[in-house]
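Note that the structure is predicted; figures quoted are calculated from it, not measured. Proteins get letters first, then strands, A, B, ... in listed order; numbering begins at 1 in each. Excluded from the calculations below are hydrogen atoms, water molecules and symmetry mates; all remaining heavy atoms, backbone and side chain alike, are included.
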Amino acid sequence: MSAATVLLIVLAIGAAAFAVAYRRAAGLRPEAGQKLHSRAGYHGAYAFVMAVLPAILFLALWKAASPAYVENAVWNDLPEQVQTAPDSNKSLLMGMVTSIGDGVRRLSDAELEQAKAGSVDLRELFAAKGVALASSGEPYMVPAAVAYNEMTDASVRYSGIGTILLALAGAVYGLTGISVRRRARNNVERIMLWGLMAASTIAILTTIGIVLSMLFQTISFFQSVPLSNFFFGTVWDPRFAAAGSGGTTGQFGLIPLLAGTLYIALVAMLFAVPIGLFAAIYMAEYASRRVRSIVKPVLEILAGIPTIVYGIFALATVGPLLRDLSAALAGGQPFILAQSVLTAGLVMGIMLIPFVSSLSDDIITAVPRAMHDGSLGLGATRSETMRRVILPAALPGIVGALLLTASRAIGETMIVVLAAGVAANLTINPGEAMTTITVKIVNQLTGDLEFTSPQTLVAFALGITLFAITLAMNVFALYIVRKYREQYE
Amino acid sequence: MLTDVAMEQKLAPTQDQHMIKIQGQEVCVHYGEKQALFSVNLDVRENQVTALIGPSGCGKSTFLRCLNRMNDTIDSARVSGTITLDGENIYDKAIDVVELRARVGMVFQKPNPFPKSIYENVAYGPRIHGLAKKKADLDEIVETSLKKAAIWNEVKDRLHEAGTGLSGGQQQRLCIARAIAVSPEVILMDEPCSALDPIATARVEELIDELRQNYTIVIVTHSMQQAARVSQRTAMFHLGYLVEEGDTDKMFTNPDDKRTQDYITGRFG
Amino acid sequence: MTDLSLSEGKVAPRARRDIGLRRRYAAEARFRFYGIFAIALGIFFLLALLFTVFKGGYTAFWQTSINLPITFDAETIDPDNKRATDPGKLLTANYTVLARNALAEKLGIDVEDKANRADLKLVSGLISQGVRTQLRDIVVADPSVIGTTRNVWVLAAADVDSAHKGQIDLAVPEARRKVKDQQVEWMNKLSQEGMMAERFNSGLFTFGASSRPETSGMGVALIGSLYMMLIVLVLSLPIGVAASIYLEEFAPKNRMTDLIEVNINNLAAVPSIVFGLLGLAVFINFAGLPRSASLVGGLVLTLMTLPTIIIATRAALKAVPPSIRSAALGVGASRMQMVFHHVLPLAAPGILTGTIIGLAQALGETAPLLLIGMVAFVANYPATPMDPATALPVQIFMWANEAERAFVERTSGAIIILLLFLAAMNLAAIILRRRFERRW
């Protein structure tokens, strides 16, 4: 009985409970002066929920908990010398056992006996049945696999029976005591409220998930690489760390990546902020409604273009253009490389223009009209009004908006992956290539992964650093913007 | 500088000795499709307080905003007819709106001090217009303006604190000081007391009466009593039309128009 | 000059003051110009970007093909005549040679003559290796074609395609270019006879991954993206709406809801790559879901899209005036009924608009998908969301990393398709907003 079948049966029970409850409630004849508290549909819904909800929760819990329990039981039955093996082998061994379990199901009785006796090569035997084994396996694994199969089957059986019984019990509970005064609607609505509440916690769960998932991997990374080498190291060269033998110092240095990240973000901001801000000022102050209704969405198209497209624009168009341009200017050797801080910063700047402009536009238009009129009424020109009254008043909000934009620049990935380069340089020349935290996360995690090697784990340390930086900026920026809005509300 | 037209007007027989400062002729205002003001003819006399009264939506604020072309800031607004200031049409191409507004200052319904210090609020106008060459001059303008706005004693010890931290009445007087600092010839006030409590209102009304010595004042007000208290002349608007205008005393005792009478006696409004 | 009127009683008509108008208006004009310049620059960048993409990419929608009268020679396909007993024969037959012979015959080259071996090699070079599967599929679908002759459009090799589109500089010495002079001559001949032409490149939409540009397409990526969008829609819309309803209509104002609020706003600004790390650690490493699967991609994108949808939904719910709520409560509806019968339907257009925009963002997202292994060489369509797949933007990324000229135009072509999808989605959102826009 698969989980899907069980689920279908439970739903059928629920549907039946709904129908019965509906008919009963509809058939109730209130006495004079009384009326049905809840409409029949709510009685039905209540019975349905009672039948389905506990049963499904039970099934889900069982499904989540039983594999660990079964594995543990099988593990404890394995020979002693196997159990004393290091932890890292455990998952490997259990993987073998489960694969063998898969294979055992396809064997005939005679073949099974042979396998148990260890008289055949398991790998060959199973390969013929279409199950690939990682290694040839040991004879003791076969009984363990058989036990594993039995326990899993039993678990599925019991959970199925339990779930269906629970559904039936729930249905009976929901059906008893249907009466005129029963507050079925309130009960159903209370359950709905719980559901809504649960949905709203997903944001917190996601944040916790982000932090925890990265934290665990980061901690195991710092078990092989000291904190100071990561945070203060100036050399990024993870390749040789695998060789071990104490040669890991200084090779996971964060500094060059952080420098590259901040440098590129700085170039992008230097480019995007004046353009975005002046565009916002023009749209808020000068543009007629018609012009504004055209220009604003057109600029926002820039925000809707996926970053991969910007990345390719940088890689295929802007980078070569800057290189050739600089070569022409210098008369030979280009002083800007195709993959460089400038290329990545420039293209990222283009991407950021609409963020700066629409955030600033919102902030500027949130300054009360009275300020504007007050200044104009004194004979100020529009630019004077803007520079001396509106912008100073909007300054905190704009700072917040720029922080949000900068956080976006720091976390941007695809543009820098394609346009910034992969060499972890420390340089102040914007014409050279630098690399960023995000680029290195991608580099370390594409290809073969081993969740035990520092080369893989360092990506999580980088990730949590990135998360911490952007989180601080976002929280601070959102706080400023919120305070700013409250001021004018 | 007086033009010939204004000279003639000055020589023309009027009910009193005050010259005509602003003359509106056939002023019409449209907001998009909607006409808000219909052929208004109204004179404003120098060194007097002229009150514009009428029920809400009658066009009195619209007319006021025409006098320093604040309607220009609204995209859909169109103004026709002529309004002359000292005989010059302010809607003429040769007239610069910035200069006009420096001559015709404005105080708004809700106090709107800039989010700057009290000093900077008052110094704003003189600074942008370059009215003070030296810091000392600027200090003097600020002090004089605050004194004239009758708020100096309350703020002299905290000139560098935020203007937004003052009470509503103080803020409105600060805004008046800000307008005075540019030394305009005319001050327009758009329901300056509507957001204030009675005590603050009394202070501002007193102030308006004092300011009349030096400035020509046009005030839009919702309150009959206020118009009666502070103004010498009153104009009554209704549904975009100027119903009646004349000496305040006469308007409140013996109006010509039935609608004015109804409004003053509180039948509508 | 300081003003006299401050100290004088009666005002005389004043001389005009100098308030620096000329200088101030110059500053005004400059300021205004900066604004116009900034906007023009923004629009210029947009146009430059779109222009380079379309210029580089539109040719990808046509692919050079050769129309060949192919004789399905039984001798070549099944020399031992075993196909009745062993259908595998048809799968492994040497189909490439059929196409080569057909083309050689057209060009007047004797196939049997050993002296022509060099020429025959060049002839083979004109035809895509993909011809093997193409002819095989024809034969397997209908074995009765064996022994007959049929006209078939076969794909030309990628370099030939590039040359035909004029993307290869023929002035370069022959030794240093991939298309030889002899081949160019044949191409011209074939073109003149109408046997070589550019035809609509349907393979771009149907093929999976391939190392040969002419037989690689976005089929797998389209399906993968479709799966992911469905998963995002099915998960994030109900959860997002439920969360918004709770926060907007029921939640008490306390520290918990404050925390949720801050969390949602912050999640909307967390770098997307961090979600990729989350997906890798939680869904793949911890929960044991397969790498490269669209299910994992969908889950990661769901978490990314939720904040967008929640923020949009809350705005839409806020926009429903309180009078509607009071009216519903006034006739005796419960709060839950008020929300589901009155507020939610009125907020629906806003919610849908936000959802479409969230989906569009998710469709263009690349970075997190790289981390969960969607940069994979997948040749076969994924049957379920658990199978390995790629996604549209990831496909673009992979093609961008290929060196061959023919992949460059495919990269841009794929970008065009992605942008068209996004444009369609955003357009739908705009139309929805316009149509149902309500002013209270």
Task: When C:A360, C:A242, C:G364 are compared by non-hydrogen pairs under 4.5 Å with chain A, the top option - done: C:A242
- [ ] Could you tell me which portion of C:I239 (side chain, backbone, both or neither) has an atom closer than 4.5 angstrom to a non-hydrogen atom of chain A?
- [x] both
Open item on the list: How long is the straight-line distance from CG of C:L46 back to CG of A:L302, given to the nearest 0.5 Å?
Closed with: 4.5 Å
Task: Nearest atoms (heavy-atom pairs only) where A:T381 meets C:R24 - done: N-NH2, 4.0 Å
Open item on the list: Heavy-atom pairs under 4.5 Å with chain C - which of A:L212, A:L277, A:L418 has more of them than the others?
Closed with: A:L418
Open item on the list: Ignoring hydrogens, what is the shortest heavy-atom contact between A:A203 and C:I264? Give both atom names and the distance.
Closed with: CB-CG1, 3.5 Å
TODO: Would you mind checking which part of C:L247 comes under 4.5 Å of any heavy atom in chain A, side chain (CB onward), backbone (N, CA, C, O), both or neither?
DONE: side chain
Task: Region of A:I441 that comes under 4.5 Å of a non-hydrogen atom in chain C - done: both
Task: Region of A:I202 in contact with chain C, defined by heavy-atom distances below 4.5 Å - done: side chain
Task: Contacting region of C:Q361 [heavy-atom separation from chain A under 4.5 Å] - done: neither
TODO: Decide if atom CZ of A:F216 counts as having more than 12 heavy atoms of other residues, nucleotides or ligands within a radius under 6.0 Å.
DONE: no
Open item on the list: Is A:L299 close to chain C through its backbone or its side chain, or both, or neither, when contacts mean heavy atoms under 4.5 Å?
Closed with: side chain
Open item on the list: Please determine whether the number of non-hydrogen atoms from other residues, nucleotides or ligands lying under 6.0 Å from atom OH of A:Y479 exceeds 12.
Closed with: no
- [ ] Among the options A:I305, A:I275, A:V211, pick out the one with the most heavy-atom pairs lying under 4.5 Å from chain C.
- [x] A:I275
Task: Contacting moiety of C:S244, where chain A heavy atoms sit under 4.5 Å - done: neither
- [ ] Could you check which of A:R482, A:E189, A:E412 has the highest count of heavy-atom pairs closer than 4.5 Å to chain C?
- [x] A:E189
Task: Heavy-atom contact with chain A under 4.5 Å, split by part of C:V270 - done: both
Open item on the list: Can you confirm whether or not the ring centre of C:F31 sits under 6.0 Å from the ring centre of A:F278?
Closed with: yes
Task: Spacing of OH belonging to A:Y282 relative to CD1 belonging to C:I39, to within rounding of 0.5 Å - done: 6.5 Å
- [ ] Could you look at C:Y34 and say if it's the side chain, the backbone, both or neither that has a heavy atom under 4.5 Å from chain A?
- [x] both
TODO: Starting from the C-alpha separation in whole Å, work towards a yes-or-no answer on side-chain contact (heavy atoms from CB on, under 4.5 Å) for C:R32 and A:R382.
DONE: CA-CA 9 Å; C:R32 208 183 158 104; A:R382 287 169 149 196; 4.2 Å; yes
TODO: Give the member of A:P306, A:G209, A:G276, A:P297 that has the highest number of heavy-atom pairs under 4.5 Å with chain C.
DONE: A:P306
Open item on the list: Using a 4.5 angstrom heavy-atom cutoff, name the option from C:L306, C:L278, C:T257 with the most pairs to chain A.
Closed with: C:L278
Task: Contact class of C:I357 relative to chain A, heavy atoms under 4.5 angstrom - done: neither
Task: A:V295 portion near chain C, given a 4.5 angstrom heavy-atom threshold - done: side chain
Open item on the list: Can you tell me which portion of A:M386 sits under 4.5 Å from chain C's heavy atoms? Options are side chain, backbone, both or neither.
Closed with: side chain
Open item on the list: Aromatic contact between C:F45 and A:F271, with the criterion being ring centroids under 6.0 Å apart: yes or no?
Closed with: yes
TODO: Indicate yes or no: at least one non-hydrogen side-chain atom of A:L466 is less than 4.5 angstrom from one of C:P271.
DONE: yes
Task: Top contributor to chain A contacts, counting heavy-atom pairs under 4.5 Å, from C:N401, C:L418, C:I36, C:L422 - done: C:I36
- [ ] State the CG-CD1 distance between C:L277 and A:I464, to the nearest 0.5 angstrom.
- [x] 10.0 Å
Task: Value rounded to 0.5 Å, distance of CG in C:L392 from CD1 in A:I308 - done: 11.0 Å
Task: Derivation and outcome, side-chain contact (heavy atoms from CB on, under 4.5 Å), residues A:T206 and C:F275 - done: CA-CA 9 Å; A:T206 309; C:F275 285 93; 4.0 Å; yes
Task: Contact winner vs chain C - A:V318, A:T207, A:T307, heavy-atom pairs under 4.5 Å - done: A:T207
Open item on the list: So, taking the atom named CG in C:N285 and the one named CD in A:Q217, what distance separates them when rounded to the nearest 0.5 Å?
Closed with: 5.5 Å
Task: Per-residue contact mode, A:L478 against chain C (heavy atom under 4.5 angstrom) - done: side chain
TODO: Please determine which of C:N266, C:V262, C:N265 meets the side chain to side chain contact (heavy atoms under 4.5 Å, CB included) test together with A:N474.
DONE: C:N266
TODO: Could you pull out the closest heavy-atom pair between A:A279 and C:A38, with the gap in Å?
DONE: N-CB, 3.7 Å
Task: A:Y286 atom OH, neighbour heavy-atom count above 12 within 6.0 Å - done: yes
Task: Contacting region of C:I396 [heavy-atom separation from chain A under 4.5 Å] - done: both
Open item on the list: Which heavy atom of A:G463 sits nearest to which heavy atom of C:V274, and what is that distance?
Closed with: O-CG2, 4.4 Å
Open item on the list: Looking at every non-hydrogen atom in both residues, tell me the closest pair between A:S213 and C:A281 and how far apart they are.
Closed with: CB-CB, 3.5 Å
Open item on the list: Under 4.5 Å from any heavy atom of chain C, what part of A:M197 do you find: side chain, backbone, both or neither?
Closed with: both
TODO: Select one option (side chain, backbone, both, neither) describing which atoms of C:L419 are under 4.5 Å from chain A's heavy atoms.
DONE: side chain
Task: Part of C:A269 within contact of chain A (heavy atom distance under 4.5 Å) - done: both
Open item on the list: So, taking the atom named CG in C:L49 and the one named CE in A:M351, what distance separates them when rounded to the nearest 0.5 Å?
Closed with: 12.0 Å
Task: Within 6.0 Å of CZ in C:F377, more than 12 heavy atoms from elsewhere - done: yes
Open item on the list: Please identify, among A:T470, A:I353, A:I312, A:T317, the residue contributing the most non-hydrogen atom pairs under 4.5 Å to chain C.
Closed with: A:I312
TODO: Go through the atoms of A:F355 and report whether side chain, backbone, both or neither lie under 4.5 Å from a heavy atom of chain C.
DONE: neither
TODO: List the steps, then state whether side-chain contact (heavy atoms from CB on, under 4.5 Å) holds for C:N426 with A:I301.
DONE: CA-CA 10 Å; C:N426 281 295; A:I301 292 177; over 6 Å; no
- [ ] Taking all non-hydrogen atoms of both residues into account, name the closest pair between C:F340 and A:M192 and its distance.
- [x] CE1-CE, 3.6 Å
